[in-house]
**Student:** 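My questions all concern the structure below.
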Amino acid sequence: MSDHLPDPILSVRDLRICAARQHQILHGVSFDILPGETYGLVGESGSGKSVTGLAVLGLLKRPLAVNGGALYFKDRELLKLSARERRRLRGDRMAMVFQEPMTALNPLATIGRQIAEMFVIHRGMGWTQARAKAVEALENVRVPAPEERARAYPHQLSGGMRQRVMIAMALACRPDLLIADEPTTALDVTVQAGVLELIADLCRAEGTAVLLVSHDLGVIANMCQRVGVMDRGRLVEEQDTRALFENPLHPYTRGLLAARPRLGSRIAGQRGRLTELDQVVTASDRGRDAPTLVTPRGPREEVTA
Amino acid sequence: MSAPLLEIRDLSVHFTLPRQTPFGPKRILRAVQGVNLTLNEGECLSIVGESGCGKSTTALTVMGLQEPTSGQVLYRGKPLAGPGAPGRKERARIAQMVFQDPYASLNPRQTIGSTLAAQLALHGIARGSEARDRVADMLTRVGLQPDHAGRFPHEFSGGQRQRIGIARALMLDPQILVLDEPVSALDVSIQAQIINLLMDLQESMGLSYIMISHDLSVVEHVSDRVAVMYFGRVVEEGGWQSVFQRPTHPYTRRLIGSVPDAEAILTGARRVPDPAPIPEGRRFSPDISARPDPSDMPEPSSLTEIGPGHRVRLAD
């Protein structure tokens, strides 16, 4: 391991987001993602993890707006770019996989066309060549019979297949950063494992950095080297994954870890009562403006999935 | 021995699919094929499996919301359908359902109080101030405030709405609650509260649960018995300990193996417990290496006992 860490691919500095100019949604969030790293954001719904991802891509919709902070992508300040320049980055250098593939895909276009569009727009290819590349992209995400599937419409595919198509689209232009917002929440557990493995394999092969947004700590542990825990619009803690599970620093993280029903933890002859979050973390520990508890990055580990 | 509280006997539910070509054969989707299950008093029976395996269809049949193609549902030994069967009102007092998405199952234009009191009036149990008292009492039981009765569903958080969904199901004092993915739409932190609430209510009110879930860690915590369904059939069934500590059918093993568990992943200690031995010369049915076509006739198979109360489906 080298002593100095590479420059981050994405640097979020004191990011603030408000709704309708009056309600603060994000109270200053800062974190870095290094090249090739998978960074996880966990938290409950409403903690601001998804809006952070959307803000990086520049996809926030009114009434949500960034009202403070900075986003550095490689050496560019994203918030100072024009809408046109950001659009050029989006899909090419940074891409997103959404939770619900059925609403994210166009139901009226074949999936081959939707993937090919990426090559036409960002690479200036002709449609014939782009279609051939689209079939290749489908093959890369291990879709069986890619030629045939390229001619299918989204509704003709299963949930897992649709999510693979989303991944193929997102990774088509070999972006530097992939933002995956709950990529497997809508899928069955048996399918989830395959999709996570696919994301990990492809990103490792290309050295793509990933921002993985999830509420599932199991998924986070499976995929990420580094994890940020969000609560009520604040990043309360950031650690290497193993350290986070072994030695959670913030009471909220401890509560979150304790509240999980865990396989194999029920004791025979007893009822499987669970620890509730409120029993671990007090109200005064939450929603306070306090610096994020951060531990330095340890030696960089391989993605385990 | 007295009859179990609820018995599902040889239940099949088939759906007719549209013809693929104008003169082609009719295709039949066998959503549920010959399912036998029993629910004893005070017990929580969980049905697990992935989407499309027939677990929700089975639950809907218990509720009388889906006609079975064949087979019966017996309540205390008496059939719930056919001549002499209880009417819809009586049935509503036997079993009630808690849905996955509480917001979609509550009327947005009715206050919580009127939603809850409506059933009391409909069944002629209580009206006016007595109904209000009962509603207030039920809201307290599920961990809400009595004055929440005047509010509308949108004023509540997801966890509170699920509490309301539970209160609604309990108003008529049913024997059985059918819980269809009761916590899968909730955050981890709130999941724990709702699971604990369900277990407390089960004890204090003597309820029996049929829980439909795909989340095995929740199932392990709550259930007394577990049935694993795969393409319309029960492939493994038994007490929670036998199923989770000796998972034997390859499909059960795959399900347990796919649960992402943080500590197991980080320590590399991930392991599915050893299976129980199956009788010599027998093999598992169905073969899960290929995806079965639910419109095909399945190969003959039967549930075979491999341990006390622990059964797996083996080919005949």
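Residue numbering restarts at 1 for every chain, and letters A, B, ... go by the order of the sequence lines.
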**Student:** Out of curiosity, A/Leu274 CG to B/Ser189 OG, how far, rounded to the nearest 0.5 Å?
**Tutor:**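 Nearest 0.5 Å value for the CG-OG distance: 12.0 Å.
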**Student:** Where on B/Ile195 is there a heavy atom nearer than 4.5 Å to chain A: the side chain, the backbone, both, or neither?
**Tutor:**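 Contact with chain A involves the side chain of B/Ile195 alone.
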**Student:** Is a side-chain N or O of B/Asp187 found less than 3.5 angstrom from the main chain of A/Glu44, in a donor-acceptor match?
**Tutor:**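 Not confirmed, B/Asp187 side chain does not pair with A/Glu44 backbone.
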**Student:** Provide the closest heavy-atom pair for B/Asp261 versus A/Leu263 in the form atom of the first, atom of the second, distance.
**Tutor:**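 Result for this residue pair: OD1-N, 4.4 Å.
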**Student:** Quick one: does A/Arg266's side chain get under 4.5 Å of B/Phe244's, heavy atoms only?
**Tutor:**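 Not in contact.
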**Student:** In this structure, are over 12 heavy atoms from other groups packed under 6.0 Å from B/Glu155 atom CD?
**Tutor:**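 Yes, because the 6.0 Å sphere around CD of B/Glu155 holds more than 12 heavy atoms from other groups.
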**Student:** Please rank A/Gly264, A/Ala193, A/Gly255 by heavy-atom pairs under 4.5 Å with chain B and give me the top one.
**Tutor:**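 Max contact count across the listed options: A/Gly264.
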**Student:** In Å and rounded to the nearest 0.5 Å, what is the CD1 to CG distance from B/Ile265 to A/Asn222?
**Tutor:**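 If I round to the nearest 0.5 Å, the distance is 4.0 Å.
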**Student:** Is there a side-chain contact between B/Pro260 and A/Gln192 in this structure, where contact means two heavy atoms from C-beta onward sitting under 4.5 Å apart?
**Tutor:**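 Of all side-chain heavy-atom pairs linking A/Gln192 with B/Pro260, at least one is under 4.5 Å.
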**Student:** Evaluate whether atom CD of A/Gln279 has more than 12 neighbouring non-hydrogen atoms of other residues, nucleotides or ligands under 6.0 angstrom away.
**Tutor:**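 Yes - once you tally the heavy atoms of other residues, nucleotides and ligands closer than 6.0 Å, there are more than 12.
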**Student:** Report which part of B/Gln193 has an atom under 4.5 Å of a heavy atom belonging to chain A: side chain, backbone, both, or neither.
**Tutor:**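 Both parts, backbone and side chain.
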**Student:** Is B/Val222 in contact with chain A via its backbone, its side chain, both, or neither, using a 4.5 Å heavy-atom distance?
**Tutor:**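 The answer is the backbone of B/Val222.
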**Student:** Shortest non-hydrogen contact from A/Thr190 to B/Leu255?
**Tutor:**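 Smallest heavy-atom distance, with atoms named: CG2-CD2, 4.0 Å.
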**Student:** Are the charged groups of A/Arg242 and B/Glu263 less than 4.0 angstrom apart, N to O?
**Tutor:**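 Salt bridge between A/Arg242 and B/Glu263, a charged N being under 4.0 Å from a carboxylate O: no.
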**Student:** Would you mind checking which part of A/Thr241 comes under 4.5 Å of any heavy atom in chain B, side chain (CB onward), backbone (N, CA, C, O), both or neither?
**Tutor:**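 Both backbone and side chain.
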**Student:** First locate atom CZ of A/Phe245, then atom OG1 of B/Thr267, and finally report the distance between them rounded to the nearest 0.5 Å.
**Tutor:**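 OG1 of B/Thr267 is found 11.0 Å from CZ of A/Phe245.
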**Student:** Does any backbone or side-chain atom of A/Leu244 lie under 4.5 Å from a heavy atom of chain B? Answer side chain, backbone, both or neither.
**Tutor:**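 Contact with chain B is absent: no heavy atom of A/Leu244 under 4.5 Å.
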**Student:** Does any part of the side chain of B/His221, heavy atoms only, come nearer than 4.5 Å to the side chain of A/Ser265, both counted from C-beta?
**Tutor:**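 Of all side-chain heavy-atom pairs linking B/His221 with A/Ser265, at least one is under 4.5 Å.
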**Student:** In Å, rounded to the nearest 0.5 Å, how long is the span from CD of A/Glu276 to CD1 of B/Ile190?
**Tutor:**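 Result: 11.0 Å between the selected atoms.
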**Student:** The test is salt bridge (Lys or Arg N to Asp or Glu O under 4.0 Å); show your working for A/Arg273 and B/Asp200 and say whether it passes.
**Tutor:** CA-CA 9 Å; A/Arg273 270 195 79 89; B/Asp200 292 343; 2.5 Å; yes
**Student:** Got a donor-acceptor contact below 3.5 angstrom from the A/Asp188 side chain to the B/Glu50 backbone?
**Tutor:**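 No; judged by distance alone, with no hydrogens or angles, the pair does not exist.
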**Student:** If we only count heavy atoms from C-beta on, is the A/Pro261 to B/Gln191 side-chain gap below 4.5 Å?
**Tutor:**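 A side-chain contact under 4.5 Å exists here.
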